[in-house]
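Here the structure is a predicted model, which means the values were calculated and not measured. One-based numbering, in listed order, for ligands and for the atoms of each.
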Amino acid sequence: MKRNILLNPGPATTTDTVKMAQVVPDICPREKEFVALMRELEEGLVKIVHGDLDVYSAVLFCGSGTISMDICLNSLLPADKKILVIDNGAYSRRAVEICEYYGLPHIDLGMPMNSLPDLGKIEGVLQENPDVALVYTTHHETGTGLLNPIREIGALVHKYNALFVVDTTSTYAMRPIDIAADEIDFCMASAQKGIMGMTGLSFVIGKKAAIEASASYPKRSYYCNLYMQYEYFKQHGEMHFTPPVQVIYAAVQALKEYFAEGEQAKWERHKRVFSAITAGLKELGFQIYMPDEIASGLVAAALYPDDPNWDFTKIHDYCYERGFTIYPGKVENMGMFRLCALGAIDEADIYAFFEVFKEALAANHVAIPLKQR
Ligand SMILES: *Cc1c(COP(=O)(O)O)cnc(C)c1O
């Protein structure tokens with residue numbers, strides 16, 4: 001099979017063995033054989049964040065990563081309570097929009113997108129608003145590469161007895177996470193990112209006791225209710241409605257490969273890939289948006305050069321035709337593109353990419369070294 005190198009922020013490049021795991025005899029997902037597979041998957045997903053299976057559970061949903069954000073926000077808020085969203089990037093902005101769509105009482109705590117959040121400010125808001133029952137933050141703002149200090153934020157959240165929900169979609173199974181030590185009550189991800197599976201399956205991992213407590217909270221969605229899905233899975237070992245069968249076979253294979261590679265070795269590989277990306281960009285004269293000290297080490301957002309011949313679409317198309325996908329940036333009014341260290345790739349792929357990328361710049365008469373604004 002042709003191997004494409006995806007440098008976009010997900011879906012990620014996958015192994016052929018994961019792709020091929022989807023090709024299985026037709027099966028009804030209500031069969032025992034499939035139920036056993038689902039249980040294996042559920043436990044594996046909790047183990048990735050070192051969760052105690054007596055305390056934490058993974059709840060699976062059919063949908064892209066945003067479904068997990070939607071579910072946590074609409075399901076885990078008690079009546080007459082508020083959500084606090086620490087808003088310092090496009091994904092926390094999306095969480096705010098979800099609150100708006102459901103009409104959930106919330107505080108949108110806007111923070112700069114290129115520096116660490118001010119913990120004093122967060123604590124101030126928690127002090128002044130004892131009705132905040134849920135604090136939401138994005139671990140890694142995939143649009144910019146900012147890594148939020150979840151352990152420190154989580155400690156504050158727990159000091160004020162709120163629930164801490166962290167969007168770990170773009171760090172889960174890449175950067176090591178320890179759900180208890182990192183003060184996380186709920187985290188989430190989708191199969192096409194860190195575990196390097198297929199699109200269409202997402203999961204929320206969190207405290208069983210908190211899910212059980214949410215049984216009495218207002219129900220704001222039918223399909224996307226955390227408690228309903230959790231309870232059904234507990235009783236029957238199945239998702240309430242039709243699961244993405246083939247995607248689940250791929251996810252089970254992806255988890256086998258995850259545990260075979262190992263948490264630390266995989267993180268070292270992502271770091272290697274990221275170093276090769278930033279070195280390649282800097283060598284050409286690109287400026288990277290996020291300072292290294294506060295970056296996730298998974299996404300590099302590079303500013304467009306000051307060159308009339310620079311045309312992202314043309315550069316993208318040149319690379320795409322040769323098997324490499326690059327991706328636009330996500331900061332309003334700032335021209336930038338992203339190169340991401342997700343997926344089943346290694347530094348040799350990045351060296352190969354930069355050969356093609358340099359050709360693309362030359363073919364478009366972009367002057368090297370680049371001029372920056
Ligand atoms: C990818 C991603 C999501 C989910 O996006 P989908 O397009 O719905 O898969 C959510 N949060 C973060 C931080 C992400 O990187």
Identify all pairs of nitrogen or oxygen atoms, one from ligand 1 and one from the protein, separated by less than 3.5 Å, and list them with distances.
| unit_1 | atom_1 | unit_2 | atom_2 | d |
| --- | --- | --- | --- | --- |
| ligand 1 | 8 (O) | S64 | OG | 2.5 |
| ligand 1 | 8 (O) | G65 | N | 3.3 |
| ligand 1 | 8 (O) | T66 | N | 2.8 |
| ligand 1 | 8 (O) | T66 | OG1 | 2.5 |
| ligand 1 | 9 (O) | G65 | N | 3.0 |
| ligand 1 | 9 (O) | Q192 | NE2 | 3.3 |
| ligand 1 | 11 (N) | D167 | OD1 | 3.4 |
| ligand 1 | 11 (N) | D167 | OD2 | 2.6 |
| ligand 1 | 15 (O) | T142 | OG1 | 2.5 |
| ligand 1 | 15 (O) | K193 | NZ | 2.7 |

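- Using a cutoff of 4.0 Å between basic side-chain nitrogens and carboxylate oxygens, D185 and K207 are scored as salt-bridged.
- The salt bridge (charged side-chain N to carboxylate O under 4.0 Å, His left out) test applied to E283 returns K358, not counting sequence neighbours.
- Among residue pairs with one or both ends in residues 138-182, those qualifying as ring-ring contact (aromatic ring centres under 6.0 Å, His included) are Y172-F203; sequence neighbours excluded.
- Salt-bridge formation is not detected for the pair D346/R269: no Lys NZ or Arg NE/NH1/NH2 atom is positioned less than 4.0 Å from an Asp or Glu carboxylate oxygen.
- Screening Y223, F61, F233, Y232 for a ring pair (Phe, Tyr, Trp, His ring centres under 6.0 Å) with F241, the sole residue that qualifies is Y223.
- Applying the ring-ring contact (aromatic ring centres under 6.0 Å, His included) definition to pairs two or more places apart or across chains, none involves residues 104-126.
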